[in-house]
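I have placed the structure first, in the form of structure tokens, so that the comments after it can refer back to it.
Convention: sequence-line order gives letters A, B, ...; per-chain numbering from 1. The structure displayed is predicted, hence computed values, not measured ones.
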There are 2 protein chains.
Amino acid sequence: MFMTENHPKKITKSDRTRAQILEAARRLFAEGGYDGVSIRDVAAQASIDPAMVIRYFHSKDELFARAAVVDLKLPDQRTDPAMIGDTLIRRFLVNWEGPANGPGMIILLRSAASNEHAAEKVRDVFANQVRPMVASIGDPADAGRRAGLVASQLLGLATCRYLLRLAPVVALSHEEIIRNVGPVLQRYATGHDAG
Amino acid sequence: MFMTENHPKKITKSDRTRAQILEAARRLFAEGGYDGVSIRDVAAQASIDPAMVIRYFHSKDELFARAAVVDLKLPDQRTDPAMIGDTLIRRFLVNWEGPANGPGMIILLRSAASNEHAAEKVRDVFANQVRPMVASIGDPADAGRRAGLVASQLLGLATCRYLLRLAPVVALSHEEIIRNVGPVLQRYATGHDAG
DNA sequence: TGCATTTGTCAACAGGTGTTGGCATATGCA
DNA sequence: TGCATATGCCAACACCTGTTGACAAATGCA
């Protein structure tokens, strides 16, 4: 069934098609979410037969799981507590608009609204990536609350800018975002109440 | 077809069933979003035949439109600029958790992620309700930007607390939310940069 | 060259969708 | 009481969905 893999690697033709399918899926899932995209849509976008999508990825769920991989690349080492707000918002902009990073996060956010499986994945990203980073500064007992507030601002910004595409939020420059949202994240992450 | 309506009103039996259908639709749309709920689901929840749903509301789209009505009841009269952050966050909590207000906003937010029609409605709510309220204080030329920032925080809070149900955000008490988010909204709405 | 494996297409399945029209019942006015 | 109307159920439609298995073409090693 699979090629007899003695020597580790070999780029077969199927690897390329598999990659094409995955890329098509990522693009479509990012625009329509899990429910809004059919396997036939993905197949058409990849110029291939729908049956191949199932052959390479065994089900729509598995294809989605492969497409919705997220790594926020947050610095887990001790960050300068005085700069954490700035660090977070800059990292956010790179993750959502940078060229390298895939659209994993927008796929997840789009789908999470009406798909419990995707919602669970978002909660995983929060628990395993955002929360530890916020916990690395300040009181660990308080980390959940602070990370939750951070997430509320960042996911809201993402929702308005990339999901709903609210005109005034889309129009914000990176500098404006950093200048306005950075301090809010700083306050949330450090746990200092309003002053 | 319709009852010959000379004298204005009369509560017929059909009015009650229509209301039952609408209530069932609201409940289900709030949990599953537009795509996640079928007309058969609504019919079952209302203990009625699916055909009746179409007879009363002419299509799924129209049923959804009736279910997703939103009135934030923001004070459009000139609000005390020094209290606008507090006013906004308290109004937010009433709208999302108060007993009277329907689940219109959560229906919209859930569906907007993968349904362009619903997304457009959210943008309408922003443009016609949130923006004017923020514009009523401060420089009108700047209102869009400020209202956009306000929306990013409020929709993010709603996303985390009611949509994704992130544990630490769900656990926040009303007082904590008011104390933490209020000042942020205050700063966003008045347009004062970080200090 | 042959031949086994890989890569791909086609047709079909079982089930769910929004929507429609026909027909039975219940209601309420004369 | 009769009868028109309002209310409701049933069956079916055309279509889309994820998924499967059988069969054809291409590939690459001997």
Whole angstroms only, please: what is the [atom1]-[atom2] distance between [X] and [N]?
X	N	atom1	atom2	value
Arg18(B)	dT7(D)	CZ	P	9 Å
Arg16(A)	dG8(C)	CZ	C1'	15 Å
Phe64(A)	dT19(D)	CZ	C1'	19 Å
Ile21(B)	dT7(D)	CD1	C1'	11 Å
Ile54(B)	dG18(C)	CD1	P	8 Å
Asp61(A)	dT19(D)	CG	C1'	12 Å
Met52(B)	dG21(C)	CE	P	16 Å
Gln20(B)	dT7(D)	CD	C1'	13 Å

Report yes or no: does [X] contribute a side-chain atom to a donor-acceptor pair with the main-chain N or O of [Y] at less than 3.5 Å?
X	Y	answer
Gln186(A)	Pro81(A)	yes
Lys121(B)	Ala112(B)	no
Arg161(B)	Leu172(B)	yes
Arg110(B)	Ser114(A)	no
Lys73(A)	Arg91(A)	no
Gln129(A)	Val70(A)	yes
Arg26(A)	Gly102(A)	no
Arg66(A)	Phe57(A)	no
Glu62(A)	Ser59(A)	no

Exercise for the section: With the side chain of Ala51(A) defined as its heavy atoms from C-beta on, choose the nearest nucleotide among dC10(C), dT7(C), dT20(C). Expected result: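 So the side chain of Ala51(A) is nearest to dC10(C).
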Handout entry: Nucleic acid contacts - residues 33-49 of chain B versus DNA chain D, non-hydrogen atoms under 4.0 Å
Key =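 Listed by number, they are Arg40(B), Ile48(B), Asp49(B).
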For [N], take OP1 and OP2 only and decide whether either is under 4.0 Å from a side-chain N or O of [X].
X	N	result
Ser14(B)	dA6(D)	no
Ser59(A)	dG18(D)	no
Thr17(A)	dT7(C)	no

Handout entry: Sugar-phosphate only, base, or nothing, as touched by Phe57(A) at under 4.0 Å among non-hydrogen atoms
Key = nothing
Practice task
Find the runs of at least 3 consecutive base pairs, i with j, i+1 with j-1 and so on, that include DNA chain C, using Watson-Crick or G-U wobble geometry with both distances under 3.5 Å.
Solution key: C:2-13 with D:18-29, C:15-29 with D:2-16
Exercise for the section: For His117(B), look at atom NE2 and say whether over 12 heavy atoms of other residues, nucleotides or ligands are found less than 6.0 Å away. Expected result: no
Problem - Nucleic acid footprint by protein, nucleotides 22-27 of chain D - heavy-atom cut-off 4.0 Å, B for base, S for sugar-phosphate alone - result: ------
Problem - Geometric class of the Phe29(A)/Tyr34(A) ring pair [parallel <30°, tilted 30-60°, perpendicular >60°] - result: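 Correct class here is parallel.
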Problem - Ionic contact status for Glu120(B) with Arg123(B), cut-off 4.0 Å - result: yes
